[in-house]
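Just below is one structure, and these are the notes that go with it.
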Amino acid sequence: MHVAVIGFGNAGGKIADAILEFEADTGRSLCKDVLAVNSAEIDLSKPDRIPEDRRLLIGQTHERVKGRGVGADPELGAEVARRDLGEIDRALDTVPVYDVDAFLVVAGLGGGTGSGGAPVVSRHLREMYAEPVYGLGVLPSTDEGGRASLNAARSLQAFTDATDSLVLFDNDAWRQAGETLQGGYDHTNTELARRITTLLGAGAMDDSKVSETAMDASDINRTLSTDGVSTIAYASAELDRETKSGLLDQFRANGHAESDTDYAQKVHGLVRRAVNARLTCPADVASAERSLVVVSGPPEELSRKGLQHARQWLETQTDSVEVLAGDDPRENADQLSVAVLLSNVTDVPRVDALQERAVDAQERIEAEETARDDEVAELITDENDQLDPL
Ligand code: GDP
């Protein structure tokens, strides 16, 4: 499918950039347009691939912001986004909406600009356009502290409500031991881009051959139109194509060419591996309402029988008949890759834990504020309250 991507805030812009990079590296054409929106001028210089004229600074005239960001305050982030909706609209005027199957709004939920702004803009897009609006929301890692959890838990409610589906990515599950924060993010952003692009990039029908079992945009939209949260599974296998083409004739001569059954087993096995591997956000697969399998690779590897078996297997795993499976032929791909969308998952322990921490943080913040008010009053008032203030 083709999407217009809006990266909101620092994480949103970097992830949108990573999607552009992965798409260019693999010859896909998912993004019809990408817009980075931020209230901090400095963060708008971070992306490498997003064109300069597709970077929008909001809140420039806001007395508390002035191009310096909203300081991890999502209420301010939402206010700034609301105030500058006209500017965002103008920037989106150039989006070729007739050629776009959906909007994708990307944000990290633990900060301010993306956390507060992404739900505002998503709601607005839904009012303005007939195309579905999907969110891609990053949950903060536990060690970012209570404030980030509180921001994320509050944004999660608004963002889910404002979108047709919110795909979650959990920084906690993807944090790598021993990596610096930014090094870690570069790695996780690439992994996230790989998953989202393999999934949504199917059905773009660019220079790839259209197969009978090709996934199309309406299948993806149908699976995502659940109003809940989603997670993505992924696995890939390297194909040594050069060696293979060299050896193929030899194998064939000896009667050892890969059979239909080999191809089917490879596809089915990869789908199973994906679903049992780390999801973008850990969730109980059985709680998914709908799911969709995309198998991407060279046409000869895309076994229809393998897809059928994988679909049947996923039906039993999710205890649902709402499972679609299709392929995405890529003539020159050197990998066979599988992305599985698990839509409207309801058993997501990470979200429960986030909400618990958020409630705890909110209580602590309120208690600290009250205690501080008392301390300040005590400090500035004389001991027996004998003085009148001026
Ligand atoms: P904003 O600019 O105010 O929206 O805030 P940021 O995007 O800087 O941070 C919001 C949250 O996003 C943080 O709490 C982190 O959890 C997360 N985050 C920041 N940068 C990245 C990134 O490059 N990748 C990922 N996966 N998460 C990030």
Side-chain angles (χ1 to χ4, degrees), residues 6-22 35-50 55-59 62 64-65 67-81 105-122 135-156 158-159 166-176 179-196 231-232 278-281 350-351 353-354 357-358 361:
I6 299 156
F8 229 94
N10 178 32
K14 284 187 288 172
I15 293 165
D17 208 50
I19 292 175
L20 281 185
E21 177 149 8
F22 186 79
L35 179 69
V37 184
N38 212 313
S39 63
E41 196 165 8
I42 193 155
D43 289 342
L44 277 180
S45 64
K46 289 182 186 168
D48 293 321
R49 289 196 175 254
I50 300 176
R55 305 178 191 199
L56 177 68
L57 182 64
I58 55 169
H62 192 291
R64 283 170 59 203
V65 182
R68 289 192 293 267
V70 299
D73 176 350
E75 305 217 358
L76 189 53
E79 184 189 325
V80 163
V105 181
V106 190
L109 306 189
T113 305
S115 176
V120 169
V121 165
S122 302
L136 176 55
V138 178
L139 303 180
S141 64
T142 322
D143 57 12
E144 286 185 66
R147 173 64 76 177
S149 297
L150 179 57
N151 292 350
R154 294 180 67 204
S155 179
L156 179 74
F159 207 6
L166 177 64
V167 178
L168 290 180
F169 184 87
D170 177 22
N171 270 350
D172 237 1
W174 286 85
R175 206 173 30 168
Q176 298 222 322
E179 272 183 326
T180 61
L181 205 55
Q182 192 45 51
Y185 279 155
D186 286 348
H187 164 80
T188 53
N189 293 351
T190 305
E191 291 304 317
L192 174 51
R194 190 189 302 285
R195 283 154 179 77
I196 203 88
T231 184
I232 303 172
R278 178 165 43 167
L279 306 175
T280 54
C281 180
R350 176 73 182 103
V351 169
L354 180 81
R357 274 209 315 282

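We count ligands from 1, going down the list as the structure has it; atoms in each ligand are counted the same way.
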_Just to be sure I'm reading this right: ignoring hydrogens, which of Leu192, Leu109, Asp73, Asn189 gets closest to atom 24 (N) of ligand 1? Compare them by their nearest heavy atoms._
Asn189

*Are more than 12 heavy atoms from other residues, nucleotides or ligands located less than 6.0 Å from atom CZ of Arg278?*
yes

*asked:* Can you tell me if Glu41 has over 12 outside heavy atoms packed within less than 6.0 Å of its CD?
replied: no

*Quick check: does Thr113 get an N/O under 3.5 Å from an N/O on ligand 1?*
yes

*Does any N/O atom on Lys14 come nearer than 3.5 Å to any N/O atom on ligand 1?*
yes

*Numbered atoms of ligand 1 (with element) below 4.0 Å of Gly9, judged on heavy atoms*: 2 (O), 4 (O)

*Polar-atom distance check: Val138 versus ligand 1, any N or O pair below 3.5 Å?*
no

*asked:* If you count heavy atoms of other groups shown closer than 6.0 angstrom to CZ of Arg147, is the number above 12?
replied: no

*asked:* If the condition is ring-ring contact (aromatic ring centres under 6.0 Å, His included), which residues does Phe159 pass it with, not counting sequence neighbours?
replied: none

*Quick one: CG on Asn171 to OG1 on Thr142, what's the gap to the nearest 0.5 Å?*
10.0 Å

*For ligand 1, find out whether one of its N or O atoms is nearer than 3.5 Å to an N or O atom of Asn171.*
yes

*asked:* I'd like to know if the side chain of Arg55 and the backbone of Pro47 have a donor-acceptor N/O pair within less than 3.5 Å.
replied: yes

*Would you find a donor on one side and an acceptor on the other, under 3.5 Å apart, between the side chain of Thr280 and the backbone of Ile232?*
yes

*Check each of Pro140, Ala11, Gly7 against atom 7 (O) of ligand 1 and report the one with the nearest heavy atom.*
Ala11

*In ligand 1, which numbered atoms sit nearer than 4.0 Å to a non-hydrogen atom of Glu144?*
13 (C), 14 (O), 15 (C), 16 (O)

*Please say whether Ile15 places an N or O atom under 3.5 Å from an N or O atom belonging to ligand 1.*
no

